[in-house]
Amino acid sequence: MSLLKHIDLNSLGDERGQLTILEAQKNIPFSVKRVYYLTNMKHDVPRGFHAHKELEQVAVCVAGKCRMLLDNGQAKEDVWLDAPNKAIRIEPMVWHEMHDFSENCVLLVLASEHYDESDYIRNYSDFIEMV
Ligand code: TYD
């Protein structure tokens, strides 16, 4: 099974602009408990570098782009999040890193749980041991 799980979000576009829809338990495969977004990132300062034990997330660049690296301990794949209707699932026990942010990047993330630091695995060797 592929590590990359794209979600093509429903997008309604016309001359007034593009409207993109995310609906819990419809195109988003969980009940959303938390939404956060990243802004003002620096091109050469990557972020992420962790996995979650249980948390399910969906990420989409609503503006600009970045490169998301996913790693399940056996394979690594990267994908450009470069369109507001192109989302990716970040499943539990998948190490992820975000690189090469464009200047205007806004990275929106939907999460299945409230913030819980104890759900993070922040050390790569711990992650490899656990998977
Ligand atoms: P972190 O998830 O490590 O950021 P990134 O993976 O983008 O580099 O979060 C950065 C800091 O913010 C960290 O101290 C945890 C805190 N944080 C919260 O308090 N609540 C949240 O919902 C998130 C995502 C992070």
Side-chain angles (χ1 to χ4, degrees):
M1 209 155 49
S2 173
L3 184 51
L4 292 184
K5 294 196 176 136
H6 290 277
I7 300 176
D8 288 323
L9 300 171
N10 313 328
S11 247
L12 306 175
D14 59 30
E15 63 289 347
R16 299 169 302 164
Q18 194 174 0
L19 169 70
T20 305
I21 302 136
L22 301 91
E23 286 185 281
Q25 288 166 326
K26 291 201 173 173
N27 57 356
I28 303 305
F30 49 79
S31 294
V32 178
K33 280 206 186 155
R34 177 166 53 110
V35 175
Y36 59 93
Y37 47 90
L38 300 171
T39 53
N40 289 318
M41 290 78 82
K42 295 190 169 60
H43 181 75
D44 53 355
V45 183
R47 303 190 57 137
F49 296 87
H50 60 253
H52 289 281
K53 296 173 197 160
E54 313 236 321
L55 188 70
E56 297 245 19
Q57 299 191 101
V58 168
V60 55
C61 280
V62 297
K65 60 179 185 173
C66 73
R67 185 170 56 86
M68 173 85 71
L69 175 92
L70 299 177
D71 174 353
N72 62 7
Q74 282 161 354
K76 295 181 194 205
E77 290 188 60
D78 60 2
V79 58
W80 280 98
L81 297 180
D82 55 3
N85 61 347
K86 181 175 168 186
I88 191 95
R89 285 180 71 169
I90 306 170
E91 294 185 298
M93 298 309 283
V94 173
W95 185 266
H96 51 284
E97 301 172 7
M98 291 85 82
H99 295 266
D100 303 333
F101 294 104
S102 66
E103 207 174 302
N104 55 342
C105 180
V106 178
L107 178 63
L108 175 75
V109 184
L110 308 186
S112 64
E113 299 297 337
H114 295 146
Y115 172 71
D116 174 8
E117 185 59 37
S118 71
D119 186 65
Y120 278 73
I121 307 162
R122 292 193 181 271
N123 179 290
Y124 189 73
S125 3
D126 293 347
F127 166 70
I128 292 298
E129 249 176 58
M130 290 171 80
V131 289

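Hydrogens, waters and symmetry mates are skipped; everything else that's a heavy atom, side chains included, is used. Note that the coordinates shown come from a computational prediction; the quantities given were computed from them, not determined experimentally.
Atom CZ of R89 and atom CG of L70 lie 12.0 Å apart (nearest 0.5 Å). Atom CD of Q57 and atom OG of S112 lie 7.5 Å apart (nearest 0.5 Å). Note that the CD1 atom of I90 and the NZ atom of K5 stand 12.5 Å from one another [nearest 0.5 Å]. Here CE of M68 is found 11.5 Å from CZ of R47. Values are rounded to the nearest 0.5 Å.
Between N10 and K26 the shortest side-chain heavy-atom distance does not fall below 4.5 Å. With contacts defined as side-chain heavy-atom distances shorter than 4.5 Å, the pair Y124/D71 qualifies. Between P46 and E97 the shortest side-chain heavy-atom distance does not fall below 4.5 Å. Considering only heavy atoms from C-beta on, F49 stays 4.5 Å or farther from F127 through its side chain. Looking at heavy atoms from C-beta onward, V58 lies in side-chain contact with F30 at the 4.5 angstrom threshold. Put simply, the side chain of M93 reaches to within 4.5 Å of the side chain of I121, judged on heavy atoms. When side chains are defined from C-beta on, C61 counts as touching L107, because their heavy atoms get closer than 4.5 Å.
Listed here is the closest heavy atom pair of Q18 and P84: OE1-CG, 3.8 Å. Of all the heavy atoms in I7 and P29, the pair that sits closest is CD1-CD, 4.0 Å. Minimum heavy-atom separation, L69 to H99: CB-CD2, 4.4 Å. Between N104 and A63, the shortest heavy-atom distance links the atoms O-CB, 3.6 Å. The two residues L81 and K86 make their nearest non-hydrogen contact at CD2-O, 3.9 Å. The minimum heavy-atom distance between Q74 and N72, with the atom names listed, is N-OD1, 2.9 Å.
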Would you please test D100 and W80 for side chain to side chain contact (heavy atoms under 4.5 Å, CB included) and show each step?
CA-CA 9 Å; D100 303 333; W80 280 98; 3.7 Å; yes
Verdict with reasoning, E113 to K53, per salt bridge (Lys or Arg N to Asp or Glu O under 4.0 Å)
CA-CA 12 Å; E113 299 297 337; K53 296 173 197 160; over 6 Å; no
Kindly indicate, with the supporting measurements, whether the criterion side chain to side chain contact (heavy atoms under 4.5 Å, CB included) is fulfilled by L55 and R34.
CA-CA 11 Å; L55 188 70; R34 177 166 53 110; 3.5 Å; yes
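Cluster membership for I28 and V35, using ILVMFWY side-chain heavy atoms within less than 4.5 angstrom, is shared. V94 and M130 sit in two unconnected hydrophobic clusters of ILVMFWY residues. Membership requires side-chain heavy atoms under 4.5 Å apart, directly or through other members. Y115 and V32 fall into different hydrophobic clusters, where Ile, Leu, Val, Met, Phe, Trp and Tyr are joined by side-chain heavy atoms under 4.5 Å apart, directly or via other members. L38 and V62 fall into different hydrophobic clusters, defined by Ile, Leu, Val, Met, Phe, Trp and Tyr side-chain heavy atoms under 4.5 Å apart, directly or through other members. Under the 4.5 Å side-chain contact rule for hydrophobic residues, V109 and L22 do not share a cluster.
Ring pair H96/H50 is perpendicular by interplanar angle, where above 60° counts as perpendicular and below 30° as parallel.
Panel note: side chain H43, backbone F101; a donor-acceptor pair is recorded below 3.5 Å. Looking at N27, its side chain does come within 3.5 Å of a backbone N or O of I21 through a donor-acceptor pair. Distance alone, capped at 3.5 Å, is enough to place a donor-acceptor pair between the D119 side chain and the E54 backbone. Checked by atom type and distance alone, the side chain of T20 never pairs as donor or acceptor with a backbone atom of N85 at under 3.5 Å.
For R122, the CZ atom counts as densely surrounded, since its 6.0 Å shell holds more than 12 non-hydrogen atoms of other residues, nucleotides or ligands. For Y37, the OH atom counts as loosely surrounded, since its 6.0 Å shell holds 12 or fewer non-hydrogen atoms of other residues, nucleotides or ligands. For D8, the CG atom is loosely surrounded, since the number of other residues' heavy atoms within 6.0 Å does not exceed 12.
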